[in-house]
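Atoms within each ligand, like the ligands themselves, are counted from 1 in listed order. Please read these numbers as outputs of a predicted model, since none were measured by experiment.
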Amino acid sequence: MSETSVKYVFITGGVVSSLGKGLASASLASLLISRGFKVRLRKLDPYLNVDPGTMSPFQHGECFVTDDGAETDLDLGHYERFTGVAAKKTDNVTTGKIYSEVLEKERKGDYLGATIQVIPHVTDAIKSFITSEIKDEDFVLCEIGGTVGDIESLPFIEAIRQLRNELGAFKSCFLHVTLVPFINAAQELKTKPTQHSVKELQGMGIQPDILLCRSEVPIPTDQKNKIALFCNLDKSSVIEAPDVKSIYEVPIKYHESRLDLQILKHFNLKNIKKANLKVWKNIIKTQRESEGFVNIGVVGKYTSIIDSYKSLIEALTHGGFFNKTKVDIKWIDAEQLEKSSSCENIFRDVHGILVPGGFGERGALGKINAIQYARLNKIPFFGICLGMQLAVIEFAKNVIKVKNAYSTEFGKTSFPIISLLTEWMTKDGIEIRDLKSQYGGTMRLGSYECHLKENSKIIKIYNKNVIHERHRHRYEVNMSLCNGFEENGLIFSGLSPNKELPEILELRDHPWYIGVQFHPELKSKPFDPHPLFSSFIKASLDKSRLL
Ligand code: GLN
């Protein structure tokens, strides 16, 4: 289809947050893709941070990194996992970013002396973001973060209202996700919050075209009809979205509720290919028929907020799909392991130990103890980013016997085996890290090439010798201090193309001990589990059979 025929679906949320708007958008995209359409997903975030890179995982959950190095909202992870389409820098924007662009233009005098206002300058910037870089996409699904009625989201709502006027109803659709709560005392579903939320939208000039009603239980027809009547909608435009056991059931459930059909009907699209849901049916079947069981101990700092490890949890689940195995995660707060004697107790029922990415010194000692325990007791160990850096520190301290080995991220040390390097290779040449620059956006970010060593364990896992994985870190393993590692069994089996940055390590005499400087969890899909996670779960399964 040509640029002019692209169709926009704007997804808003009402009543409460955490309704799963991101999952709804991702699932709708997967249904449209299954009918042969080309789809792009975008997310507009109303907060004032320029990107989520500087936000605490405790507050905002995981920061998802794209191939082209953008630090984005975790919903982009859902988008990729459900569609297989790699998200780009230009698929996530925040109020902070929009305002900084507007203000930069103002400083340059680009507005020729005009008074800068939310309407039209900010709304114009939002509209040009939404419609930018569209080539041959059939659909752009654009999710507005937050809940309708929030002060922050007003300019975004206004921008999509204007776009509707410009594009017309056959090229734009408003999909509003709401909640229909079940009130236990009355044993009834309540439609009032949905009515109010739609009223709120109408007050801002938007009449939703389709309502997606989240509820704990199926919504009876008379209740759906009531919503349609009060919300000025056709009955078929009120779609139920009851809770499901696994997020991977959502696409099929929405198809059964006719969400994709309703979208096609709205755009007057006829004779469209039937939805091919084989992929999703297979995933559900695998999930239901999984017989094995492994318990993975994840040792981290943000273990109380599981959104902080969203992609990691999904990647472990995908590794389980590959092995037809159910994966349980035992969350272990690293600070609990500061006494190495507590490892034995805590890891007794664990078949694999994973130390994920993280920032800062807190919990580092506990993580080092966990890594040592996995190394000595031959428990499968997977270290990701900070987890890999700490594995290097553990080895230097306990095997090479350099007591002061540490990371400069945690303070001054006489043996900075993990340190801030100021330059690295990108495909466009050498990238210089400016140490005086700001905190935000100063990490090695995005996809980098890595070369795997012949005859290594890792090359067998990937089954290729050049890989591309996504990074998000400031510090690197300082190779010049790694004397004695290989002789003692710790091999750097993946290196940057210039051979200066160790990207992967593995331990020779251990069933499965791998550390990676990148984040493989970001690229795993339910229909294409990441080989590292498949292999780690397989090794953990083997371990469980020995216990
Ligand atoms: N804090 C470490 C660094 O910045 C690791 C980052 C991470 O685990 N993502 O290098």
Is the NZ or CZ atom of K412 both under 6.0 Å from the centre of the six-membered ring of Y406 and within 45° of that ring's axis?
no
Could you give the N/O to N/O pairs under 3.5 Å linking ligand 1 and the protein, each with its distance?
{"residue": "ligand 1", "atom": "1 (N)", "partner": "G358", "partner atom": "O", "Å": "2.9"}
{"residue": "ligand 1", "atom": "1 (N)", "partner": "E409", "partner atom": "OE1", "Å": "2.7"}
{"residue": "ligand 1", "atom": "1 (N)", "partner": "E409", "partner atom": "OE2", "Å": "2.9"}
{"residue": "ligand 1", "atom": "4 (O)", "partner": "R474", "partner atom": "N", "Å": "2.9"}
{"residue": "ligand 1", "atom": "8 (O)", "partner": "G358", "partner atom": "N", "Å": "2.9"}
{"residue": "ligand 1", "atom": "8 (O)", "partner": "G358", "partner atom": "O", "Å": "3.3"}
{"residue": "ligand 1", "atom": "8 (O)", "partner": "L386", "partner atom": "N", "Å": "3.0"}
{"residue": "ligand 1", "atom": "9 (N)", "partner": "R472", "partner atom": "O", "Å": "2.8"}
{"residue": "ligand 1", "atom": "9 (N)", "partner": "H519", "partner atom": "NE2", "Å": "3.1"}
{"residue": "ligand 1", "atom": "10 (O)", "partner": "Q389", "partner atom": "NE2", "Å": "3.1"}
{"residue": "ligand 1", "atom": "10 (O)", "partner": "R474", "partner atom": "N", "Å": "3.2"}
{"residue": "ligand 1", "atom": "10 (O)", "partner": "Y475", "partner atom": "N", "Å": "2.8"}

Report yes or no: do E62 and S308 form a side-chain donor-acceptor pair below 3.5 Å?
no
Do S524 and H318 have side-chain atoms, one donor and one acceptor, less than 3.5 Å apart?
yes
Ring-face cation contact, Y448 with R444, 6.0 Å cut, 45° max:
yes
Can you confirm if the aromatic rings of Y248 and F82 lie within a centre distance of less than 6.0 Å?
yes
Report all side-chain donor-acceptor pairs from residues 350-359 shorter than 3.5 Å, counting only partners two or more places apart or in another chain.
{"residue": "H351", "atom": "ND1", "partner": "N295", "partner atom": "N", "Å": "2.9"}

